[in-house]
Amino acid sequence: MNIPRVKICGITNLQDALHAVRCGADALGFVFYERSSRCVTPDQVATIIAGLPPLVTTVGLFVNQASEDVGRIAANCGLDILQLHGDESPEACQALAPYRVIKAFRLRDAGTLDAMPLYPVSGVLLDAWVPDQFGGTGHRCDWGLASQVAQKQPTILAGGLDPDCVADAVRTVQPYAVDVSSGVERAPGIKDPDKVAAFIHNAKCAAV
Ligand SMILES: O=C(O)c1ccccc1N[C@@H]1O[C@H](COP(=O)(O)O)[C@@H](O)[C@H]1O
């Protein structure tokens, strides 16, 4: 079984970023969606990234933002990967080449899977479907559907993961990676150091 990579999303400060890296996070996510409690500015993210050691992947999360804006912010901050978490089209993903793009899909039912092959992306991220919300909800997605997707392409499992359930999620879905935002917080936008450490440990040890 694959040892999953771990992305800690919704990072808003350098202290949380460095702690996640020390605990073994492979990637850090920065939310550029203005309606999120974890929203950060490009200047904040540029400062955090400048303080990181090498070999940490930085991911910018956008929701239905114009491709030109996304590309400009990515270049200014030094982002490695772009995560599109709204209703973006395959063309919007294509427009961001040569950046690697992760497209998030909110799994409403099996029909959601039909659109995935149309997207020219490095991987898909699976999140819960919650009416009128795009993500960071703490709701779990359908792990049965997710495991079908994970057998076919690099799949990042997200949605309602936390230190207590992540090992079960890894064993059930066998994803390429797991991603968490609200499940390792002590307050909106602020990570809980113990939860971050436990989440990464439990995710990576689930497979061995
Ligand atoms: O974290 C957010 O605030 C957010 C806002 C809008 C879209 C996505 C967001 N986060 C992503 O949502 C999933 C699940 O988060 P959670 O662990 O259930 O809180 C994850 O991929 C986050 O990167």
Side-chain angles (χ1 to χ4, degrees), residues 1-33 36-41 44-61 77-83 85 100 102 104 123-128 135-141 143 146-147 150 154-208:
M1 202 160 95
N2 162 54
I3 296 176
R5 304 184 79 75
V6 177
K7 169 171 165 266
I8 303 295
C9 197
I11 294 286
T12 62
N13 61 79
L14 183 59
Q15 187 180 346
D16 286 353
L18 292 175
H19 176 71
V21 170
R22 277 194 297 272
C23 291
D26 300 288
L28 303 176
F30 304 98
V31 177
F32 291 97
Y33 177 48
S36 169
S37 58
R38 309 171 184 103
C39 186
V40 279
T41 66
Q44 282 176 293
V45 174
T47 303
I48 295 170
I49 290 177
L52 293 177
L55 308 181
V56 179
T57 301
T58 56
V59 181
L61 187 157
C77 296
L79 295 169
D80 297 315
I81 296 187
L82 306 174
Q83 177 176 329
H85 217 105
R100 283 176 293 165
I102 296 165
V124 296
L125 183 148
L126 306 180
D127 195 359
T137 62
H139 287 264
R140 201 180 281 191
C141 74
W143 290 357
S147 64
T155 297
I156 302 156
L157 181 68
L161 298 179
D162 61 32
D164 293 331
C165 73
V166 68
D168 195 19
V170 167
R171 286 190 287 262
T172 303
V173 177
Q174 302 195 23
Y176 169 73
V178 290
D179 183 18
V180 63
S181 196
S182 58
V184 292
E185 286 183 329
R186 64 176 164 81
I190 307 297
K191 297 306 182 203
D192 180 311
D194 293 338
K195 288 183 185 175
V196 169
F199 184 89
I200 296 169
H201 177 270
N202 293 348
K204 290 191 178 279
C205 293
V208 292

Nearest heavy-atom pair of [X] and [Y]: which atoms, and what distance?
X      : Y      : answer
Ile8   : Ala20  : CG1-CB, 4.1 Å
Cys9   : Ser181 : O-OG, 3.5 Å
Val184 : Val180 : CG2-CG1, 3.9 Å
Cys77  : Ile49  : O-CD1, 3.5 Å
Cys141 : Leu157 : SG-CD1, 3.7 Å
His85  : Gln83  : ND1-NE2, 2.9 Å

Counting distance only, does the side-chain N/O of His19 pair as donor-acceptor with the main-chain N or O of Pro193 below 3.5 Å?
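Looks like yes, one N/O pair under 3.5 Å.
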Between the side chain of Ser182 and the main-chain N/O of Thr137, is any donor-acceptor distance below 3.5 Å?
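The answer is no, because no donor-acceptor pair under 3.5 Å joins these two groups.
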Are [X] and [Y] close enough that some pair of their side-chain heavy atoms sits under 4.5 Å apart?
X      : Y      : result
Gln44  : Thr41  : yes
Phe32  : Leu79  : yes
Phe199 : Leu161 : yes
Ile81  : Ile102 : yes

Candidate pair Glu185 and Arg38, rule salt bridge (charged side-chain N to carboxylate O under 4.0 Å, His left out), full reasoning:
CA-CA 11 Å; Glu185 286 183 329; Arg38 309 171 184 103; 2.7 Å; yes
Among Leu18, Val45, Leu52, Asp80, the one residue meeting side-chain contact (heavy atoms from CB on, under 4.5 Å) with Leu28:
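Of the listed options, the one satisfying the test is Leu52.
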Who passes salt bridge (charged side-chain N to carboxylate O under 4.0 Å, His left out) against Asp16, sequence neighbours left out?
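Asp16: no salt bridge (charged side-chain N to carboxylate O under 4.0 Å, His left out) contacts found.
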Take Val173 and Val178 through the test side chain to side chain contact (heavy atoms under 4.5 Å, CB included) and record every step on the way to the result.
CA-CA 10 Å; Val173 177; Val178 290; over 6 Å; no
Quick one: list whatever passes side-chain hydrogen bond (donor to acceptor under 3.5 Å, both in side chains) with [X], sequence neighbours left out.
X      : value
Thr155 : none
Asn2   : none
Thr57  : none

Enumerate the residue pairs fulfilling salt bridge (Lys or Arg N to Asp or Glu O under 4.0 Å) with a member in residues 172-182, sequence neighbours excluded, ordered by first and then second residue.
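Sorted result for residues 172-182: Lys7-Asp179.
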About how many Å separate OH of Tyr33 and CG of Leu61, when rounded to the nearest 0.5 Å?
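Going from CG on Leu61 over to OH on Tyr33, the span is 10.5 Å.
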N/O donor to acceptor pairs below 3.5 angstrom from side-chain atoms of residues 200-208, sequence neighbours left out:
from	atom 1	to	atom 2	distance (Å)
Asn202	ND2	Pro163	O	2.8
Asn202	ND2	Ala198	O	3.3
Lys204	NZ	Pro4	O	3.1
Lys204	NZ	Asp26	OD2	2.8

